[in-house]
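Here's the structure we're looking at; comments come further down.
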Protein chains: 2
Amino acid sequence: MIILSRLADYGVIVATHLAGIPDRQVNAAAVAAATRLPPATVAKVLKRLAHGGIVTGARGATGGYRLARAPEEISIAEVVAAIDGEIGVTQCASHVEGCDRTNFCPTRPHWAHINRAVSQALGAVTLAEMVGPDFLRPRPSSQVHASP
Amino acid sequence: MIILSRLADYGVIVATHLAGIPDRQVNAAAVAAATRLPPATVAKVLKRLAHGGIVTGARGATGGYRLARAPEEISIAEVVAAIDGEIGVTQCASHVEGCDRTNFCPTRPHWAHINRAVSQALGAVTLAEMVGPDFLRPRPSSQVHASP
DNA sequence: AGGAAAGCGTACCAACTTGGTCCGAATTTG
DNA sequence: CAAATTCGGACCAAGTTGGTACGCTTTCCT
């Protein structure tokens, strides 16, 4: 199973790319060219990111996108939430009521626990760490640049 | 966004139900009746669970399903993996190669880290803990969100 | 001031995945 | 031997998602 949708994946890639050039303001086509992603989809992703407050878009000629905050202030969870909405393990974790088998469902505390763990895992990594060359690695010995 | 698919959710519910009756061997219809889930879908879920080694199915008359292992030996991650396949944050985390923007992707170590955190969160909880009576807290009022 | 460039919003279409159903083959009990 | 019951596969419908296109607004440059 895949946790993140493809658009969310694209969103992280795009946001990471923007984090790598914090002062530049580039348009969607340039981001698409730099990330080798479909331009139309990149535009869609950037729109959602702008709507979520991750990036800010400048209109007009010589306009473009730019990160709305510092890269170390933006977590992956925010980027993902801007694309696909709030993170939830299952639908029981999202909707509060209406489950007619609530009595048969002693699993919700565990879902909440797992949900928090996932959110914490996605919220612990920031864009600055994503783009940083010396990111925090729990295992500094392993080399991860090559293909696994 | 929802992490687990609905079938995976059903699988956890079904497996938890089976964990609650470790010595009984019940058929798919009984499980569906007990869990208030669609019978056909429960049958499908049980088939995948059997294929994944979570439950064992006995054919013939008076057949039925039973947990293949002890409830404390089966984690949620296994159940989810039996339904929806191996857990991966994104497609980059699953497929080993073929990504033509590997050079533009310094994010994979972080994906691996997040992926491991998610897997650990899902792997830390077993079916025995799911069915355990100590954990169920019937408090449907407060819903905790992982606020960013 | 006008044209061009770029973002913004919406709408739309295609495709894949998912949810759900059904029937045949195998197997065990009575 | 027959009936009941299950597994295992194929099969179909529907929802969601990915992706694209178009019109509008805004801003800079000529």
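Only this structure's heavy atoms are used, side chains among them; waters, hydrogens and symmetry mates stay out. Predicted model, so just to flag it, every value in this text is computed and none were measured. Here is how names work: the chains are called A, B, and so on, in the same order as the sequence lines, proteins then strands, and each is numbered from 1.
- Between A/Val12 and A/Thr16 the shortest heavy-atom distance is O-OG1, 2.6 Å.
- When every heavy atom of A/Leu46 is checked against every heavy atom of A/Val14, the shortest pair comes out as CD2-CG1, 3.5 Å.
- Put simply, CG on A/Leu18 and CG on A/Leu127 are 9.0 Å apart, with the number rounded to the nearest 0.5 Å.
- One can place CZ of A/Arg24 at 14 Å from P of C/dA6, the figure rounded to the nearest angstrom.
- Rounded to the nearest 0.5 Å, atoms CE (B/Met130) and NE2 (B/His17) are 15.5 Å apart.
- Residue B/Ala43 is out of contact with every strand shown, counting any heavy-atom pair closer than 4.0 Å.
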Shorter than 3.5 Å, N or O on both sides, protein versus nucleotides 15-17 of chain C: list them out with atom names.
none

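- Remark: B/Leu4 CG to B/Asp84 CG distance equals 7.0 Å, nearest 0.5 Å.
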Given protein heavy atoms under 4.0 Å, the one-letter contact record of nucleotides 23-30 of chain C, with B base, S sugar-phosphate only and - none, is simply ---SBBS-
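- Atom-to-atom distance recorded for A/Asp9:CG and A/Ile3:CD1 is 12.0 Å, nearest 0.5 angstrom.
- If you measure from atom CG of B/Asp9 to atom C1' of C/dG19, you get 13 Å, rounded to the nearest angstrom.
- No contact: A/Ala29 has no heavy atom under 4.0 Å from any strand.
- Considering all non-hydrogen atoms of both residues, B/Ala30 and B/Asn27 come closest at N-OD1, 3.0 Å.
- When the local axes at the two ends of the helix from C/dA1-D/dT30 to C/dG30-D/dC1 are compared, using 5 base pairs at each end, they differ in direction by 10° after rounding to 10°.
- Remark: A/Ala121 pairs with B/Ile114, B/Ala117 by the side chain to side chain contact (heavy atoms under 4.5 Å, CB included) rule, at least two apart or across chains.
- Residue B/Leu7 is classed as a sugar-phosphate contact, given heavy-atom separations below 4.0 Å to backbone atoms only.
- Of the listed nucleotides (C/dG7, C/dG19, C/dG20), C/dG7 has the atom at the smallest distance from the side chain of A/Tyr65.
- Taking atom NZ of residue A/Lys44 and atom P of nucleotide C/dG9, one finds them 14 Å apart after rounding to whole Å.
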Output side-chain donor-acceptor pairs under 3.5 Å for residues 61-81 of chain B, partner residues at least two apart or in another chain, one line each.
from	atom 1	to	atom 2	distance (Å)
B/Ser75	OG	B/Glu78	N	3.3
B/Glu78	OE2	B/Ser75	N	3.3

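- Mapping heavy-atom proximity under 4.0 Å, the span of DNA chain D touched by chain B runs 5' to 3' from D/dT5 to D/dG9.
- Here the P atom of nucleotide C/dC8 and the CG atom of A/Asn27 are 12 Å apart, to the nearest Å.
- Between A/Arg48 and A/Leu7 there is a side-chain heavy-atom pair separated by less than 4.5 Å.
- Of all heavy-atom pairs spanning B/Ser119 and B/Ile87, the tightest one is OG-CG2, 4.0 Å.
- Between A/Leu37 and A/Thr41, the closest side-chain pair of non-hydrogen atoms is not below 4.5 Å.
- One finds the CD1 atom of B/Ile83 at 12.0 Å from the OH atom of B/Tyr10 (value rounded to the nearest 0.5 Å).
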